[in-house]
There are 2 protein chains.
Amino acid sequence: MTTRRDAVHDTLRKSEGFRSAQDVYAEMRLHGAKIGLTTVYRALQALADGGQVDVLRTDDGESVYRACATDTHHHHLVCRRCGRTVEVAGPAVERWAEMVGSEHGFTEITHTVEVFGTCAGCSTAVRSS
Amino acid sequence: MTTRRDAVHDTLRKSEGFRSAQDVYAEMRLHGAKIGLTTVYRALQALADGGQVDVLRTDDGESVYRACATDTHHHHLVCRRCGRTVEVAGPAVERWAEMVGSEHGFTEITHTVEVFGTCAGCSTAVRSS
DNA sequence: GGAGGTTTTGACAACCATTTTCATTTTGGC
DNA sequence: GCCAAAATGAAAATGGTTGTCAAAACCTCC
């Protein structure tokens with residue numbers, strides 16, 4: 001019952017950055033896993049619901065998933081070229097969001113904060129090409 | 001050539017919060033405008049490219065657009081219930097993002113920061129129901 | 001060691017926002 | 001007015017994601 005989900009989770013853990021459901025599916029099939037695309041979607045959703053993986057949306061609307069090292073609240077610094085991801089904390093940002101929200105009478109404040117850039121490796125690769 | 005785009009822009013300006021392309025299209029047809037869905041999509045894209053409207057993605061992957069009051073960089077505080085939106089500045093957050101990025105050797109840093117909450121009006125509405 | 005019910009799985013079809021295509025219309029320049 | 005270039009929009013295509021449903025795997029209690 002949970003073996004499939006674990007397999008998906010494991011595959012995700014082996015990836016550097018955020019991966020789409022289709023990526024994970026392709027990856028697993030490559031390694032000979034017998035699993036269907038539907039099941040991968042369901043597993044990723046379940047993992048995301050359970051807070052065991054983080055989700056975000058790419059600019060073109062694809063959902064991408066990542067098994068993060070920490071299970072505490074954090075944000076991501078993502079290389080827009082290779083997808084390499086660094087987990088970062090931003091206590092100041094959390095406080096700012098809370099403050100901005102309550103200043104305007106909003107309650108149950110949540111926020112999304114993602115930072116994108118070109119990582120060191122990728123920017124040298126571009127320069128030399 | 002630009003009349004259609006202006007019509008779309010106007011419709012957007014009359015809305016309180018973020019609206020999807022389909023919303024805008026329906027709204028315009030309601031008011032008797034003769035315009036096609038394709039053109040609405042194209043106009044919104046052009047406006048977004050030109051920085052005249054802001055775009056963001058809803059949780060279910062829909063692109064939503066908003067004609068913002070200021071044309072300087074800012075973020076949004078969005079009511080997750082009614083969509084009412086407040087434009088907020090966050091100079092501290094900008095600096096934080098830059099710093100986090102360069103700390104890890106990333107260049108060309110960009111960031112997305114959105115704050116969600118339940119606005120005062122909506123939270124009383126919920127309480128009284 | 002089943003029998004019978006419940007859960008999980010996955011091939012396939014359906015969905016739906018968005019994009020592409022392409023024929024028609026409108027526009028601007030001369 | 002004429003013609004090339006740009007804009008328009010109806011309809012079809014796209015593609016990630018979700019729903020359907022029958023088959024398979026898994027319990028649980030005899």
Side-chain angles (χ1 to χ4, degrees), chain A residues 1-12 15 17-67 78 80 83 85 112 114 116, chain B residues 1-12 15 17-67 78 80 83 112 114:
Chain A
M1 34 140 69
T2 184
T3 51
R4 289 294 207 261
R5 187 181 309 186
D6 285 344
V8 169
H9 200 178
D10 285 346
T11 304
L12 215 49
S15 300
F18 282 86
R19 311 298 305 275
S20 71
Q22 315 254 2
D23 282 348
V24 172
Y25 172 68
E27 177 76 16
M28 294 181 78
R29 297 300 292 237
L30 259 188
H31 292 313
K34 296 246 292 283
I35 192 169
L37 183 54
T38 311
T39 306
V40 172
Y41 272 105
R42 274 192 288 239
L44 287 172
Q45 254 165 228
L47 288 167
D49 286 351
Q52 286 144 74
V53 304
D54 283 11
V55 202
L56 60 86
R57 293 250 173 199
T58 64
D59 282 343
D60 54 340
E62 221 177 350
S63 293
V64 287
Y65 303 83
R66 178 168 202 268
V78 184
R80 70 167 63 79
T85 299
T112 68
E114 308 297 340
F116 300 93
Chain B
M1 35 141 65
T2 184
T3 52
R4 289 294 207 261
R5 187 181 308 184
D6 286 344
V8 168
H9 199 177
D10 285 345
T11 303
L12 215 49
S15 300
F18 282 85
R19 312 299 304 275
S20 72
Q22 314 257 0
D23 283 347
V24 172
Y25 172 68
E27 177 76 14
M28 293 181 79
R29 297 299 293 235
L30 260 188
H31 291 315
K34 296 245 293 282
I35 192 170
L37 183 55
T38 311
T39 305
V40 173
Y41 272 105
R42 275 192 287 238
L44 286 171
Q45 253 164 231
L47 288 167
D49 287 350
Q52 286 143 74
V53 304
D54 283 13
V55 201
L56 59 88
R57 293 249 173 202
T58 64
D59 281 344
D60 55 339
E62 222 177 349
S63 292
V64 286
Y65 303 84
R66 180 168 201 266
V78 184
R80 70 167 63 80
T112 67
E114 308 296 340

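Below, chains carry the letters A, B, ... as their sequence lines are ordered, and counting in each starts from 1.
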How long is the line joining [atom1] of [X] and [atom2] of [N], in whole Å?
{"X": "D60(B)", "N": "dT17(D)", "atom1": "CG", "atom2": "P", "result": "12 Å"}
{"X": "R4(B)", "N": "dA6(D)", "atom1": "CZ", "atom2": "P", "result": "19 Å"}
{"X": "L44(B)", "N": "dT8(D)", "atom1": "CG", "atom2": "P", "result": "13 Å"}
{"X": "D6(B)", "N": "dT8(D)", "atom1": "CG", "atom2": "P", "result": "11 Å"}
{"X": "R5(B)", "N": "dT26(C)", "atom1": "CZ", "atom2": "C1'", "result": "16 Å"}

For residues 47-54 of chain B, tabulate all N or O donor-acceptor pairs below 3.5 Å that involve a side-chain atom, not counting sequence neighbours.
from: D54(B); atom 1: OD2; to: H74(B); atom 2: NE2; distance (Å): 3.2
from: D54(B); atom 1: OD2; to: H76(B); atom 2: NE2; distance (Å): 3.3

| said: Under the side chain to side chain contact (heavy atoms under 4.5 Å, CB included) test against V24(B), which residue among V40(B), V64(B), I35(B) passes? | reply: V40(B)

| field | More than 12 heavy atoms from other groups under 6.0 Å of CG on D10(A) | value | yes

| request: Go through the steps to decide whether T112(B) and F116(A) satisfy the test side-chain contact (heavy atoms from CB on, under 4.5 Å), and finish with yes or no. | output: CA-CA 8 Å; T112(B) 67; F116(A) 300 93; 4.0 Å; yes

Show the distances under 3.5 angstrom between N or O atoms of the protein and N or O atoms of nucleotides 15-20 of chain C.
from: dT18(C); atom 1: OP1; to: S63(B); atom 2: N; distance (Å): 2.8
from: dT18(C); atom 1: OP2; to: Y41(B); atom 2: OH; distance (Å): 2.8
from: dT19(C); atom 1: OP2; to: Q45(B); atom 2: OE1; distance (Å): 2.7

| query | Taking all atoms of both residues into account, what is the closest heavy-atom pair of S63(A) and V55(A), and its distance? | reply | CB-CG1, 4.3 Å

| request: Answer whether the closest heavy-atom distance between the side chains of Y25(B) and T39(B) falls below 4.5 Å. | output: no

